[in-house]
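Take a look at the structure set out below.
Atoms within a ligand are numbered from 1 in the order they appear, just like the ligands themselves.
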Amino acid sequence: MSEQLQATVVVHGGAGGSRDQDDGCRFAARTGRDRLAGGASALEGAVAACVALEDDGRYNAGSGAVLCLDGHTIEMDAAVMDSQGALGAVACIQRVKNPVLVAQAITRTPHWLLAGEGAERFARTAGFPIHHQISERQRAKHERLMATLGSREPATPGVANRAFADYWNYDTPRVFNPCDTVGAVTRAADGTFAVACSTGGSAPSLLGRVGDTPIIGSGFYAGPDGAVAVTGIGEHIVRRLLAYTVYGWIAGGMPVDEAIRRGVDLFPREIDVGVIAVSRTETGMHSNREMPCAVVSAGDA
Ligand code: ASP
């Protein structure tokens, strides 16, 4: 008989977000916890929490995903993984409402990651309808970004604004969005773990840019000792394989809080980074920026 652990869901709404958005995280964590209580797997619980965050509209994922520099395209990344071998991800997918559900559907294919047009075609084959809606919030953010790109203030720390003009690869004439992804990690009562994460990417970025979110070991990892989800500037996170590094420390016996703080401390202060994690007995959330987040366990209100 398998041992019974306390079912728990930890979620984040992105490094650089606002704690005013914790209510959406609490709702998402409760949604995941209720699914676990109803007998869903760790993976189904993590995906349910992530869908709630994608549908919220205030986070940079799904309905709230950032606009690309052309002011029209939305490219999204998402991934899922559990401790029983399920693995699926999408990169640069357009015109779907819930990229994390497409990532979950990919776990049933012979592949683990589909990108771009192929990912969108797969989504249609799997029954996901066309969805392209630009939120007012993202439209306003885009206008602010355009203003910053046209100024002397760098829109991305350490990157000259003109780099985006020099390498412009959109169809539209060259014109002149910050991070806040979502993620959920779960521990089911049967001792299995899962992670689901989803993002509209970082902005500004060139067309086709992929960050850490759909890259195993960078933006996410789940195994027999826990699950980890990461948020922040993907170009920096992938170089440190952050999710797998933190997972390895937890698997080696380091307390969760120490592991995630050590992970965040690998980065200079000007780089946004946040990590959430769950192990057999602990949970943790830490970021070097404000980061909306929540943890809900079986028995919590
Ligand atoms: N990590 C995401 C990316 O670089 C953005 C974020 O977490 O806010 O695409």
Out of all atoms in ligand 1, which are within 4.0 Å of some heavy atom of Asp212? Include the element for each. 1 (N), 2 (C), 3 (C), 4 (O)
Establish, from distance only, whether the side-chain atoms of Asn288 and Asp272 form a donor-acceptor pair under 3.5 Å. no
Taking non-hydrogen atoms only, is Glu75 closer than 4.0 angstrom to ligand 1 via side chain, backbone, both or neither? neither
Pull out every atom of ligand 1 sitting under 4.0 Å from any heavy atom of Gly201, numbered as shown with elements. 9 (O)
Does Asp300 come within less than 4.0 Å of Arg30, counting only side-chain N to carboxylate O? no
OH (Tyr170) with more than 12 external heavy atoms under 6.0 Å: yes
Taking atom 7 (O) of ligand 1 as the point of reference, which of Ile215, Ile233, Thr181 owns the nearest heavy atom? Thr181
Contact (N/O only, under 3.5 Å) between Gly234 and ligand 1: yes
Is ligand 1 less than 4.0 angstrom away from at least one heavy atom of Asn60? no
Numbering the atoms of ligand 1 from 1, which are under 4.0 Å from a heavy atom of Thr213? 1 (N), 2 (C)
Salt-bridge test for Arg139 and Glu143: reply yes if a basic N is under 4.0 Å from a carboxylate O, no otherwise. no
Distance col, row Asp212:CG vs Thr231:OG1, nearest 0.5 angstrom, shows 7.5 Å
Pair Asp265 + Arg262: basic N to acidic O under 4.0 Å: no
Proximity of Thr231 to ligand 1 by residue part, where a heavy atom lies under 4.0 Å: both
Measuring from non-hydrogen atoms of Glu235 to any atom of ligand 1, is the shortest distance under 4.0 Å? no
Going only through I, L, V, M, F, W and Y residues with side-chain contacts under 4.5 Å, is there a path from Val185 to Phe27? no
